[in-house]
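Chain letters run A, B, ... following the sequence lines, proteins first and then strands; every chain starts at 1. Only a predicted model underlies this, so the values are computations on that prediction, with no experimental measurement involved. Computed from heavy atoms alone, side chains included, the values below leave out hydrogens, waters and symmetry copies.
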Amino acid sequence: MKIATWNVNSLRVRLEHVRDWLTSAAPDVLGLQETKLTDDKFPVREFAELGYHCAFSGQPTYNGVALISREPATEIVTDLSGYSDIQRRVLGATFGDLRVLNLYVPNGQSVASEKFEYKLEWLAALTAQLRADLARYEHVVVMGDFNIAPEDRDVHDPAAWQDKVLCTPKERAALKRIEELGLCDAFRLFTQAENIFSWWDYRAAAFRRNRGRRIDLILASVALSEACTICTVDTAPRRLERPSDHAPVFALFELPPSLC
DNA sequence: ATGGTGGTACCACCA
């Protein structure tokens, strides 16, 4: 089972990149963020041509999440329970015995911003949701653009980013609380090279200089993480013409046949 | 200092 996450920063602009990547990487499930499409404009046919089903929750201009999958999704949810929000950032679905939550976590803008408070509230609501999900499902994957760099080694210049949004102790503590529910950062299950990132600013040649941050995560429940054999960032799509500012991240799970 | 979107033909908002 190959599971992937990719913030595409407009699916309209990036559709061919996504289609090419589906063909070459062949994931079983791909979570997309920042589709920036209303549901009536979602390119269902273009994915069906490649043998993929779609589930999506979009809005005009901002946000928007989708799950592209070999098998159709069931038990779809588009909100965190008990947290009403017009922003489309959540897509939960079940594939066989696997529960998937695809997320576009609020960015937070800056620590002084109201958007930072919204981010922390949202993360608290997510934690409650995940506590319930983990009690209900054994195999859970929570993935997406977390807009949190888990540790200093996930940032190109930790000193410059110290206490800045995406790197504050409050955000990192919120992520830690989520992991303590019984979720593992799949990327850190393995020995990794240094300076591996998943997002690079479009400005100042940040990608060429590898000045990025690792903010796109795949978290797996304990039983699932024992079946994880690899977790990698694929930087190839970031090198293309007119790329997303994020690269796809994927993980492989060697599950018993009944779960695939 | 880049890029996507959407309202208006350059600019505001968001990342």
Side-chain angles (χ1 to χ4, degrees), chain A residues 5-21 30-43 46 56-66 68 85-91 102-123 126 143-150 154-168 170-172 174-175 197-217 233-249:
Chain A
T5 177
W6 193 2
N7 180 323
V8 291
N9 186 21
S10 168
L11 184 54
R12 187 184 62 80
V13 174
R14 235 66 70 187
L15 181 59
E16 285 318 301
H17 289 190
V18 176
R19 279 165 52 93
D20 289 348
W21 196 76
L30 170 61
L32 301 176
Q33 304 88 36
E34 285 204 89
T35 55
K36 301 187 178 180
L37 286 175
T38 50
D39 290 348
D40 58 302
K41 299 218 172 62
F42 199 90
E46 286 81 349
F56 39 85
S57 179
Q59 67 179 84
T61 316
Y62 304 118
N63 310 314
V65 283
I68 314 299
D85 192 353
I86 55 164
Q87 301 192 35
R88 303 291 79 202
R89 301 178 173 278
V90 175
L91 191 56
N102 178 38
L103 304 174
Y104 178 44
V105 176
N107 174 284
Q109 195 171 58
S110 68
V111 175
S113 161
E114 285 182 6
K115 291 174 186 165
F116 190 76
E117 293 307 310
Y118 164 63
K119 181 178 194 173
L120 296 178
E121 271 180 30
W122 194 97
L123 287 166
L126 172 63
M143 64 179 173
D145 178 356
F146 277 73
N147 269 315
I148 301 171
D154 298 309
V155 181
H156 72 86
D157 186 348
W161 283 97
Q162 178 149 32
D163 297 329
K164 301 283 196 324
V165 73
L166 312 210
C167 301
T168 64
K170 279 186 178 175
E171 292 161 274
R172 287 176 169 173
L175 179 60
F197 308 121
S198 65
W199 172 88
W200 302 261
D201 200 299
Y202 284 119
R203 293 166 285 191
F207 180 68
R208 185 176 57 72
R209 300 155 71 196
N210 197 30
R211 298 173 65 86
R213 284 174 277 180
R214 192 177 69 90
I215 56 176
D216 300 274
L217 310 178
V233 181
D234 183 358
T235 55
R238 188 64 176 79
R239 298 172 207 284
L240 299 171
E241 286 290 312
R242 239 187 146 189
S244 169
D245 45 355
H246 296 252
V249 179

* If the C1' atom of B/dA12 is compared with that of B/dT8, how far apart are they to the nearest Å? -> 12 Å

* So do the side chains of A/Trp21 and A/Val8 get within less than 4.5 Å of each other, counting heavy atoms only? -> no

* **Whether A/Glu34 side chain and A/Asn7 backbone form a donor-acceptor pair below 3.5 Å** => no

* Asked: Given that both distances must come in under 3.5 Å, which nucleotide forms a Watson-Crick or G-U wobble pair with B/dT8?
  -> none

* Asked: Excluding sequence neighbours, so at least two apart, what forms salt bridge (Lys or Arg N to Asp or Glu O under 4.0 Å) with A/Asp20?
  -> none

* Structure fact -> Each nucleotide of nucleotides 4-15 of chain B classed B (base within 4.0 Å of a protein heavy atom), S (only sugar-phosphate) or -, in 5' to 3' order, makes SSS-------SS

* **Euclidean distance for P, B/dC14 against B/dA1 (whole angstrom)** => 23 Å

* Looking only at atom types and distance, does a side-chain atom of A/Arg209 sit under 3.5 Å from a main-chain N or O of A/Ala204, one as donor and one as acceptor? -> yes

* CG on A/Leu123 to CG on A/Leu103, rounded to 0.5 Å -> 9.0 Å

